[in-house]
2 protein chains.
Amino acid sequence: MSDLVTRLRRHNWRITPQRRVIAETLEGSHVHFTADEILERACERMPELSRATVYNTLNEMVALGEVLELAFDGRSKRYDPNADHAHHHLICEGCGLMKDVHAVGDPIEWLPGDERHGFAVTRAAITYRGRCPDCQDAA
Amino acid sequence: MSDLVTRLRRHNWRITPQRRVIAETLEGSHVHFTADEILERACERMPELSRATVYNTLNEMVALGEVLELAFDGRSKRYDPNADHAHHHLICEGCGLMKDVHAVGDPIEWLPGDERHGFAVTRAAITYRGRCPDCQDAA
DNA sequence: TCTTTGTTTAGACATAGTCTAAGCTAGGAT
DNA sequence: ATCCTAGCTTAGACTATGTCTAAACAAAGA
């Protein structure tokens, strides 16, 4: 049912009931939740679930490379279950709405060798910002 | 002396002694400090400076568009005084070292119209990640 | 069954940032 | 010069987000 659960199991990671609920909550949504939003929604299915377990589990899924941690606003991190599928993010400066978007090409190729300062560059993420249709009308 | 101060004054923004110290601390460094790091350094020149003033001042400079707020790690925001000069950031996944870098072209052009979801897209920032020379050796 | 290892829990703790109420300062009006 | 006002600064309380700890719990293997 949950593809994220399948991917997690491949790491020989024990799928406990708590972890399954958290993974399915993450994957079942099309917005990127904060840890507390995941806790709130997961608790509808498993009321005794603790905050510490949600934080632990999310951090472990990030460490396994199956979930991306997004930190755009400096307030709270958000979690993106599509770690395998290259995409970027478009954020509304008015209301904070976030969309996944796909750009043409690979940003790493746009960084010249003499701008790399000897780094081994492995990833690149683009954050687009603007105003969504609703917030353009409101302005 | 401080170009940032000049830019801020153009907004009819009162340059108090506190604000000058904060602006010069920001601009005088080549790394991007957190608010608390700025407080610590600014206090060497003005020991009675308060934390609230540093936070207020940084937020106002961001609102004026003269300083960029960077939120990459979800821990604490960092502040970049070069808001006028288009550049991106390269971060070491080992030690957190951050460098300003310049990519070829404008990332906004790489986002197709049908991926914009009706947004008016105004800005794009690329975050490159990898390992710096020191952390490659350590690995 | 017993043991071992890993998981979950509640709550204490830590960190980053905001808010509030009071006092202070600079500049304009008199 | 003195007063007034608006805006600035301050200390500390408060909030939000996340981590840590110690104990209880659960599952798998001997």
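Residue numbers start from 1 in every chain, and the chains themselves are labelled A, B, ... in the order their sequence lines are given, proteins ahead of strands.
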field: Ring centre gap for B:H32 and B:Y79 strictly below 6.0 Å
entry: no
First encountered from the 5' end of DNA chain C, between B:N59 and A:S50: A:S50
field: Under 3.5 Å donor-acceptor pair, A:R14 side-chain atoms to C:dG6 base atoms
entry: no
Lys/Arg-Asp/Glu bridge criterion (N-O < 4.0 Å) met for A:E37, A:R78: yes
query: Below 4.0 angstrom, N of the basic side chain to O of the carboxylate: do B:E115 and A:K99 qualify?
result: no
field: Ring geometry between A:W110 and B:W110 (parallel below 30°, tilted from 30 to 60°, perpendicular above 60°)
entry: parallel
message: Are the side chains of B:D36 and B:Y55 in contact, using a 4.5 Å heavy-atom criterion?
response: yes
message: Side-chain N or O of B:Q18 versus OP1/OP2 of C:dT25: is the shortest distance under 4.0 Å?
response: no
- request: Starting from C1' on C:dA10, measure out to OH on A:Y55 and report it in whole angstrom.
  value: 15 Å
field: Rounded interatomic separation in angstrom, taking CG from B:D73 and P from D:dT17
entry: 16 Å
field: N/O (side chain, A:T53) to phosphate O (OP1/OP2, C:dT7) under 4.0 Å
entry: no
- prompt: Below 4.0 angstrom from OP1 or OP2 of D:dA16, is there any side-chain N or O of A:S76?
  reply: no
- request: Measure the distance from CG on B:N12 to P on D:dC8 and round it to the nearest whole Å.
  value: 12 Å
field: Terminal axis angle for the helix from C:dT1-D:dA30 to C:dT30-D:dA1, five pairs an end, nearest 10 degrees
entry: 10°
task: Just say parallel, tilted or perpendicular for the rings of A:H85 and A:H102, cut-offs at 30° and 60°.
output: tilted
query: Can you tell me how far P of D:dC14 sits from CZ of B:R51, to the nearest Å?
result: 15 Å
message: Side chain of A:N56 only, heavy atoms from C-beta on: which candidate in D:dC8, D:dT17, C:dT8 is closest?
response: C:dT8
task: Would you confirm whether B:R129, through its side chain, and B:C92, through its main-chain N or O, come within 3.5 Å as a donor-acceptor pair?
output: no
message: Without decimals, in angstroms, what is the distance between B:L58 CG and C:dA16 P?
response: 14 Å
task: Ignoring backbone atoms, test whether A:R19 places a side-chain nitrogen or oxygen under 4.0 Å from the OP1 or OP2 oxygen of C:dT7.
output: yes
